[in-house]
Amino acid sequence: MTSARERDLLLDGSSNPLRDPRDKRLPRIAGPSGMVIFGVTGDLSRKKLMPAIYDLANRGLLPPGFGLVGFARRDWGAEDFSQIVYEAVRDHARTPFRQEVWDRLAEGFRFVMGSFDDDDAFDRLAETVADLDRVRGTNGNHAFYLAIPPDKFPVVLKQLSRSGLTAQDGDQWRRVVIEKPFGHDLRSARELNEVVNAVFPEESVFRIDHYLGKETVQNLLALRFANQLFEPIWNSNYVDHVQITMAEDIGLGGRAAYYDGIGAARDVIQNHLLQLLALTAMEEPVSFRPDELRAEKIKVLSATRLFEPLTETTARGQYAAGWQGSEWVPGLLDEKGFNPESSTETYAAITAEVDTRRWAGVPFFLRTGKRLGRRVTEIAVMFKRAPHLPFEATMTEELGQNALVVRVQPDEGVTIRFGSKVPGHQMEVRDVTMDFAYGAAFTESSPEAYERLILDVLLGEPSLFPVNNEVERSWEILDPVLEAWAAEGKPDPYPAGSWGPESANQMIERLGRTWRRP
Ligand code: BG6
């Protein structure tokens with residue numbers, strides 16, 4: 001724990017005598033700044049953004065005069081907005097509630113009522129922001145967080161520009177934060193990027209892929225590039241295939257407005273899973289400077305192709321009613337708000353290949369689904385079998401493939417699976433695992449992805465945010481799948497609580513592999 005004196009010194013930034021500017025271990029503290037949130041009444045704001053802002057304040061990482069402005073149509077006064085943030089923090093913050101932190105933070109709250117096509121409301125927003133600069137010392141540094149549906153981006157961006165909110169004088173900065181979906185195919189993503197870049201230069205655009213804010217995802221880079229142990233075998237000589245799984249047990253009740261017509265591939269594969277693939281397969285960057293890191297990710301995505309024919313190398317499904325644990329849950333088509341004829345997939349799997357010397361011939365199987373057996377996200381690197389086993393065949397019947405599994409969540413850590421002798425007189429060999437668990441190895445708990453990402457926005461640290469060409473390349477990979485599916489009938493049904501449709505098993509079995517049951 002940081003003492004009060006240490007915290008004050010930390011808050012003091014550059015003049016902090018405890019701090020050697022070359023020492024990067026201490027988290028950097030955001031300079032004078034504020035954030036405007038559009039979509040302040042939505043789930044994302046309530047469950048993730050507001051709690052993360054409080055958690056950052058609680059950890060002493062926000063400037064003392066931080067300003068938070070909510071913009072929405074609701075007829076709220078300042079008190080109502082403060083109450084909404086309070087409830088969000090109470091219900092979802094990661095760190096304990098501390099009155100003095102809250103009081104200081106709440107002094108910087110402002111609320112502006114208005115709709116996106118209301119010029120006066122944006123003029124009031126501009127005045128509010130200018131007032132924060134005067135009263136709270138936010139110094140003209142503001143981030144605009146668009147936690148709103150993408151079809152509203154153009155009007156909001158236009159308004160920000162019209163009302164002068166995007167103008168930056170001298171050292172001041174203005175940044176925009178956008179949430180996926182970044183378009184729904186390559187064409188619309190390009191259009192969206194044009195709209196955004198017409199108002200904000202690319203270096204001021206922060207596209208959130210919250211998986212990149214997760215500790216375990218960043219640890220993939222440490223695991224690969226800080227150790228001598230893994231990298232020599234991280235290639236097609238040793239790796240048989242890679243499975244990237246993001247399974248969720250939740251259904252889509254309440255999310256029809258966002259999800260119907262979008263589906264699992266657009267919602268998760270286009271962004272989170274292709275980013276995980278990029279980090280798993282990329283070459284070592286020259287340094288972790290944002291441009292160097294992105295250059296390596298782009299190279300991998302550019303070399304990523306889909307196995308064909310797509311009818312055999314992809315699979316999609318839609319959950320039907322079933323037992324989720326001990327609860328009988330409805331199928332997608334019976335969830336409120338979904339078109340009963342909907343062909344939106346809730347399960348998607350693809351087979352990709354990274355066409356480089358390192359990875360040629362190694363299939364990367366990516367899958368995601370709702371209402372699956374349990375919630376788990378993992379990257380499993382599955383190794384080839386030993387070329388020769390000097391044991392009687394019956395002694396190795398229970399020996400599988402060696403595997404290195406990065407457990408992204410829950411139960412964050414890394415598992416290595418290998419064969420070991422079973423105690424006894426025989427030389428019987430069976431699979432065992434060696435585990436590293438974050439919870440056991442470190443006393444610090446991991447910050448929420450949104451804490452890290454919001455702080456990075458305020459610091460202007462862009463490494464963890466995909467740039468427009470990464471987004472466009474990801475659509476380029478996925479578009480043929482979406483087109484092929486659109487031409488087919490409905491997705492294959494699978495019972496809630498299962499591990500997806502039979503077609504997904506057939507997909508992987510055709511290439512002689514089977515899915516892991518995490
Ligand atoms: C979001 C998707 O990006 O990630 C959701 O839109 C999904 O559909 C969510 O539920 C999962 O995030 P996490 O951090 O809980 O794995």
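Just so you know, these numbers come straight off a predicted model, no measurement behind them. In each ligand, atom 1 is the first atom listed, and ligand 1 is the first ligand listed. We number each residue from 1, following the sequence as shown.
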Legend entry - Distance filter under 4.0 Å to Met246 heavy atoms, resulting ligand 1 atoms: 11 (C)
Inset, instruction - Considering heavy atoms of the protein only, find what lies nearest to atom 12 (O) of ligand 1 and give residue, atom and distance to 0.1 Å. - result: His210 NE2, 3.1 Å
Legend entry - Results of side-chain contact (heavy atoms from CB on, under 4.5 Å) for Glu353 - residues two or more places apart only: Phe307, Asp355
Inset, instruction - Would you check if the distance from the ring center of His241 to the ring center of Phe364 is below 6.0 Å? - result: no
Inset, instruction - Give a yes or no on whether a salt bridge exists between Asp249 and Lys370, defined as a side-chain N under 4.0 angstrom from a carboxylate O. - result: no
Legend entry - Subset of ligand 1 atoms that lie under 4.0 Å from at least one heavy atom of Lys370: 5 (C), 7 (C), 8 (O), 10 (O)
Legend entry - Distance filter under 4.0 Å to His272 heavy atoms, resulting ligand 1 atoms: 1 (C), 3 (O), 4 (O)
Inset, instruction - Note the single closest protein heavy atom to atom 10 (O) of ligand 1, along with its residue, its atom name and the distance in Å. - result: Glu248 OE2, 2.6 Å
Legend entry - Numbering as shown, the atoms of ligand 1 that approach Lys214 to under 4.0 Å (heavy-atom distance): 13 (P), 14 (O), 16 (O)
Legend entry - Arg207 and its salt bridge (charged side-chain N to carboxylate O under 4.0 Å, His left out) partner, picked from Glu202, Glu470, Glu179: Glu202
Inset, instruction - Considering the heavy atoms of Lys180, write down every atom of ligand 1 situated less than 4.0 Å from one of them. - result: 1 (C), 2 (C), 3 (O), 6 (O)
Legend entry - Lys/Arg cation over aromatic Tyr211: Lys214, 6.0 Å, 45° cone: yes
Inset, instruction - Report, in ascending order of atom number, the atoms of ligand 1 lying under 4.0 Å from any heavy atom of Asp267. - result: 2 (C), 5 (C), 6 (O), 8 (O)
Inset, instruction - Using a 4.0 Å heavy-atom threshold (strictly under), name the region of Arg375 that reaches ligand 1: side chain, backbone, both or neither. - result: side chain
Inset, instruction - Check the angle between the aromatic planes of Trp102 and Phe97 and answer parallel, tilted or perpendicular using the 30° and 60° thresholds. - result: tilted
Inset, instruction - Give the residue, atom name and distance (to 0.1 Å) of the protein heavy atom nearest atom 5 (C) of ligand 1. - result: Arg255 NH1, 3.3 Å
Inset, instruction - Apply the side-chain hydrogen bond (donor to acceptor under 3.5 Å, both in side chains) test between Glu378 and each candidate in Gln409, Arg516, Arg407; give the one that qualifies. - result: Arg516
Inset, instruction - For Tyr211 and ligand 1, answer yes if some heavy atom of the residue is under 4.0 Å from a ligand atom, otherwise no. - result: yes
